Number of protein chains: 2
Amino acid sequence: MPHNHDALLEHVKADMPADELLQDLGDLFKIFGDTTRIKIMYALYEDEMCVCAIADLLGMTQSAISHQLKVLKAANLVESRREGKTIYYRLADEHVKSIIAQGYEHLTE
Amino acid sequence: MPHNHDALLEHVKADMPADELLQDLGDLFKIFGDTTRIKIMYALYEDEMCVCAIADLLGMTQSAISHQLKVLKAANLVESRREGKTIYYRLADEHVKSIIAQGYEHLTE
DNA sequence: TGAACATATGAGCAATTATTCATATGATAA
DNA sequence: TTATCATATGAATAATTGCTCATATGTTCA
């Protein structure tokens, strides 16, 4: 017979967050899981930047950057302000930096 | 004429990590960007577990779990030990927990 | 109003990837 | 050895997704 671990399962299951939260967590990290978006967040690490500056920096299309900024904004990872024709983006909160910093540590330790 | 931001770009570029590291960072977070893997890591949050227990817990195939454990192990996010026929997996280091914790905070704050 | 600049967006394509299915490997006990 | 349990793995499929291209929206200035 296959071995039994009902007791363990019950215990672990009780400590697991709700499925919806786990899904949201996965969705959040999925956003960090793209080099372009990581680069954008790093570009905004110290100061705000306009879309075309980011595009220039990464050597990518304005369209591509705009699409990614939309994704980042939908996840509350960046915020923006308009100044004339230009729109400046900045990181939304400190979690962005600390998540990236933790990943960085895991890689470089 | 389009507006110029060469000075800014030069400054930001100097502070950006190497392209290879940025790629690795993206690849690392990509691994966190899947609900199944998030669930596995949460299951291992407090203690080690064997493959079939994880499969039972998540209501998924042993094969599916094995595939994902392989991904997690390749990224040094989990480690394993054998005990007879059974193989127990555990989290590899504290970064796993802190990365997840930061994501959790971002969502629930 | 019209022209130029800055950004946003919808559709389509190409590439990635999570799961399934079948099967292989490894270990134990009879 | 043979049977069974535990895990790993290769191939195939289905779904997701990042970029491009064309175009739309919004702003400023002449």
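Please read these numbers as outputs of a predicted model, since none were measured by experiment.
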Take atom [atom1] of [X] and atom [atom2] of [N], then tell me their distance rounded to the nearest Å.
| X | N | atom1 | atom2 | value |
| --- | --- | --- | --- | --- |
| A/I87 | D/dT28 | CD1 | P | 11 Å |
| A/M49 | C/dT7 | CE | P | 11 Å |
| B/E48 | D/dT7 | CD | P | 12 Å |
| A/N4 | D/dA6 | CG | C1' | 15 Å |
| B/Y88 | C/dA27 | OH | C1' | 14 Å |
| A/K30 | D/dT16 | NZ | P | 9 Å |
| B/I40 | C/dA18 | CD1 | C1' | 11 Å |
| A/K70 | D/dG18 | NZ | C1' | 14 Å |

Would you say OH of B/Y104 has more than 12 non-hydrogen atoms from neighbouring residues, nucleotides or ligands within 6.0 angstrom? no
Atom CD of B/E20: over 12 foreign heavy atoms under 6.0 Å: no
Is it the case that [N] (base atoms only) and [X] (side chain only) share a donor and an acceptor within less than 3.5 Å, ignoring hydrogens and angles?
| X | N | answer |
| --- | --- | --- |
| A/S66 | C/dT9 | no |
| B/T61 | C/dC21 | no |
| A/T86 | C/dC5 | no |

Give the nucleotide from the list [options] with an atom nearest to the side chain of [X].
| X | options | result |
| --- | --- | --- |
| B/K85 | C/dG26, C/dG10, C/dT20 | C/dG26 |
| B/Q62 | D/dA11, D/dA8, D/dG18 | D/dA8 |
| A/D34 | C/dG10, C/dG26, D/dG18 | D/dG18 |

[X] side chain N/O closer than 4.0 Å to the phosphate oxygens (OP1, OP2) of [N]?
| X | N | value |
| --- | --- | --- |
| A/Y89 | C/dA8 | yes |
| B/H3 | C/dA6 | yes |
| A/T36 | D/dC19 | yes |

Looking only at non-hydrogen atoms, find the nearest pair between B/Y88 and B/C50 and report the distance. CD2-N, 3.6 Å
Is B/H67 stacked on the base of D/dT9, meaning ring centres closer than 5.5 Å and planes within 30 degrees of each other? yes
5'-most by nearest nucleotide on DNA chain D - B/V51 or A/R37: B/V51
Test side chain to side chain contact (heavy atoms under 4.5 Å, CB included), reference B/V51, set B/I40, B/I65, B/D56, output is B/I65
Is there a donor in the side chain of A/S98 and an acceptor in the side chain of B/Q102, or the other way round, less than 3.5 Å apart? yes
